[in-house]
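Okay, structure first, notes after.
Reckoned from all heavy atoms, side chains included, excluding hydrogens, waters and symmetry mates.
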Amino acid sequence: MLVDWSRQRVLIIAPHPDDEAIGCGGLISRVTHHGGQVFVLWGTIADIADFTATGHSTADQRRQEMAAAQAFWPLDGHHLALPGDHYNLHLDTIARADLIDLIERGDHPLALANLRPTVVAIPDPSSYNQDHAALGTAAISALRPGPDTYRPQPDLILIYEEVGDPWTAGAPVITPEFFLALTDTDLDRKIAGLRLHQSQWRSQPHTRSEHALRGLAAVRGAQSGHQWAEAYHCIRATT
């Protein structure tokens with residue numbers, strides 16, 4: 001399937017700042033290089049404890065990292081939907097209908113009804129991470145088929161993958177059918193985009209390390225006849 005990325009308006013739904021780079025950094029690089037538009041709907045941030053040397057990251061850090069990422073790509077628009085302790089790592093406690101409405105018709109510029117994207121990339125609904133699973137499941141409902149007079153019907157809907165997604169109690173949703181070949185520059189920019197989320201960057205062995213991202217890109221490249229690639233599960237492809 002050949003896609004003219006210069007004509008696309010791409011929406012990436014990222015549960016947390018860094019997911020857009022891990023899952024779609026190559027896609028963002030490709031679309032922005034060709035003159036298309038990229039928008040990121042970030043789910044949530046908060047002050048959280050972690051396993052780094054400092055033992056925590058703060059919402060203020062994450063906001064600074066988001067600003068750096070926005071300028072780096074650059075993004076054509078972004079929105080942080082649900083900041084705060086009540087939401088971060090608790091999106092599974094929010095009624096699914098409310099998350100669907102947030103994505104579909106929310107009072108923000110990146111809602112489907114307002115942005116009318118041509119391409120949407122969503123997180124894996126089978127993820128072990130409760131925020132990823134909640135937003136991925138809600139996104140599938142928000143993107144359900146129907147007349148485009150009722151709601152926008154993007155031509156291309158993709159589920160992106162992250163290195164840690166196969167860690168799940170059931171069968172992973174990701175069956176890669178859509179491969180995006182990456183240049184060396186695309187992959188370098190994907191990694192640089194993740195590094196900007198410095199509070200989330202990890203060294204090997206870790207699923208958010210450079211080694212892990214390059215390794216997955218090499219495997220997906222070998223599976224599709226290219227040096228590097230990103231792989232997606234394609235829900236819809238309309239030509």
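E20 places a side-chain N or O within donor-acceptor distance of the main-chain N or O of D18, the cut-off being under 3.5 Å. Side-chain atoms of Q227 never come within 3.5 Å of backbone atoms of D184 as a donor-acceptor pair (strictly under, hydrogens ignored). In this structure, the side chain of E230 does not engage the main chain of L182 through any donor-acceptor pair within 3.5 Å. Distance alone, capped at 3.5 Å, is enough to place a donor-acceptor pair between the R9 side chain and the L115 backbone. Put simply, the side chain of S209 never gets that close to the backbone of P205: no donor and acceptor are under 3.5 Å apart. Side chain of R220 to main chain of L180: no donor-acceptor pair is present (N/O by atom type, distance under 3.5 Å, no hydrogens or angles). For K190 (side chain) and S29 (main-chain N/O), no donor-acceptor pair under 3.5 Å exists by modelled atom type. Panel note: side chain T168, backbone S126; a donor-acceptor pair is recorded below 3.5 Å.
By the neighbour-count criterion of 12 heavy atoms within 6.0 Å, atom CG of D4 is densely surrounded, having more than that number from other residues, nucleotides or ligands. The environment of CZ in R236 is crowded: more than 12 heavy-atom neighbours from other residues, nucleotides or ligands sit within 6.0 Å. The local environment of NE2 in H206 is crowded, with over 12 non-hydrogen atoms from other residues, nucleotides or ligands closer than 6.0 Å. The environment of R144 atom CZ is dense: over 12 non-hydrogen atoms of other residues, nucleotides or ligands sit within 6.0 angstrom.
Neither side chain, W228 nor D186, offers a donor N or O lying under 3.5 Å from an acceptor on the other. Side-chain polar atoms of D155 and T238 form no donor-acceptor pair below 3.5 angstrom. At a cut-off of 3.5 Å, with distance as the only test, a side-chain donor of Q8 or T118 sits close to an acceptor on the other residue. When only modelled atom types and interatomic distance are considered, H16 and D131 share a side-chain donor-acceptor pair under 3.5 Å. Donor-acceptor pairing under 3.5 Å is lacking for the side chains of S127 and N129.
With rounding to the nearest 0.5 angstrom, the OG atom of S141 is 12.0 Å from the CG atom of D101. Here the OG atom belonging to S224 is positioned 13.0 Å from the CD atom belonging to E177, to the nearest 0.5 angstrom.
With a 4.5 Å cut-off on side-chain heavy atoms, S57 and Q200 count as touching. No side-chain heavy atom of Q37 sits under 4.5 Å from any side-chain heavy atom of L75. Between P15 and T44 there is no side-chain heavy-atom pair separated by less than 4.5 Å. Taking the side chain as every heavy atom from C-beta outward, I235 and I122 approach each other to under 4.5 Å. You'll find the side chain of W5 stays beyond 4.5 Å of the side chain of R7, heavy atoms only. Proximity of L2 to T239: side-chain heavy atoms (C-beta onward) are nowhere separated by under 4.5 Å. Between Y160 and P123 there is a side-chain heavy-atom pair separated by less than 4.5 Å. Residues V120 and P154 have side chains in contact (heavy-atom distance under 4.5 Å, counting atoms from C-beta outward).
Linking Ile, Leu, Val, Met, Phe, Trp and Tyr whenever their side-chain heavy atoms come within less than 4.5 Å leaves F179 and L216 in two separate clusters. Hydrophobic cluster membership differs between L82 and I100, with clusters built from Ile, Leu, Val, Met, Phe, Trp and Tyr side chains linked at under 4.5 angstrom. Under the 4.5 Å side-chain heavy-atom criterion for ILVMFWY residues, no single connected hydrophobic cluster contains both W201 and I48.
The side chain to side chain donor-acceptor pair (under 3.5 Å) with H132 is formed by just one residue from the set T137, D19, D124; it is D19.
Evaluation of the ring-ring contact (aromatic ring centres under 6.0 Å, His included) rule for W42 yields H78 as partners, not counting sequence neighbours. Remark: T207 engages V163 in a side chain to side chain contact (heavy atoms under 4.5 Å, CB included) (not counting sequence neighbours). Residues satisfying the ring-ring contact (aromatic ring centres under 6.0 Å, His included) test with H197, not counting sequence neighbours, are none. Residues satisfying the ring-ring contact (aromatic ring centres under 6.0 Å, His included) test with H108, not counting sequence neighbours, are H79.
A salt bridge links R214 with D188: at least one charged nitrogen is closer than 4.0 Å to a carboxylate oxygen. We find that E104 and R151 are joined by a salt bridge, their nearest charged nitrogen and carboxylate oxygen being less than 4.0 Å apart. The existence of a salt bridge linking R202 and E210 is excluded, since no basic side-chain nitrogen approaches an acidic carboxylate oxygen closer than 4.0 Å.
Under a cutoff of 6.0 Å and an axis angle of 45°, R189 and F72 form a cation-pi pair.
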Between V10 and I12, does a side-chain contact (heavy atoms from CB on, under 4.5 Å) hold up when you go through it step by step? CA-CA 7 Å; V10 179; I12 298 169; 4.1 Å; yes

Can you check side-chain contact (heavy atoms from CB on, under 4.5 Å) on V119 and L11, steps first, answer last? CA-CA 6 Å; V119 179; L11 173 63; over 6 Å; no

Verdict with reasoning, R208 to E162, per salt bridge (Lys or Arg N to Asp or Glu O under 4.0 Å): CA-CA 9 Å; R208 295 200 300 273; E162 301 193 15; over 6 Å; no

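Here the closest non-hydrogen pair linking I140 and P125 is CD1-CG, 3.8 Å. Looking at every heavy atom in both residues, A139 comes nearest to I13 through CB-CD1, 4.1 Å. Across A121 and C24, no two heavy atoms sit closer than the pair CB-SG, 3.9 Å. N114 and G106 get closest at one heavy-atom pair: ND2-O, 3.5 Å. C234 and L156 make their closest contact through SG-CD1, 4.0 Å (heavy atoms, listed as atom of the first residue, atom of the second, distance). Minimum heavy-atom separation, L135 to G43: CD1-CA, 4.1 Å.
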Under 3.5 Å, side-chain donor or acceptor atoms of residues 84-98 against the rest of the protein: list the pairs with distances, not counting sequence neighbours.
| from | atom 1 | to | atom 2 | distance (Å) |
| --- | --- | --- | --- | --- |
| T93 | OG1 | H90 | O | 2.6 |

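Sorted by first and then second residue, the salt bridge (Lys or Arg N to Asp or Glu O under 4.0 Å) pairs involving residues 57-81 (not counting sequence neighbours) are R62-E65.
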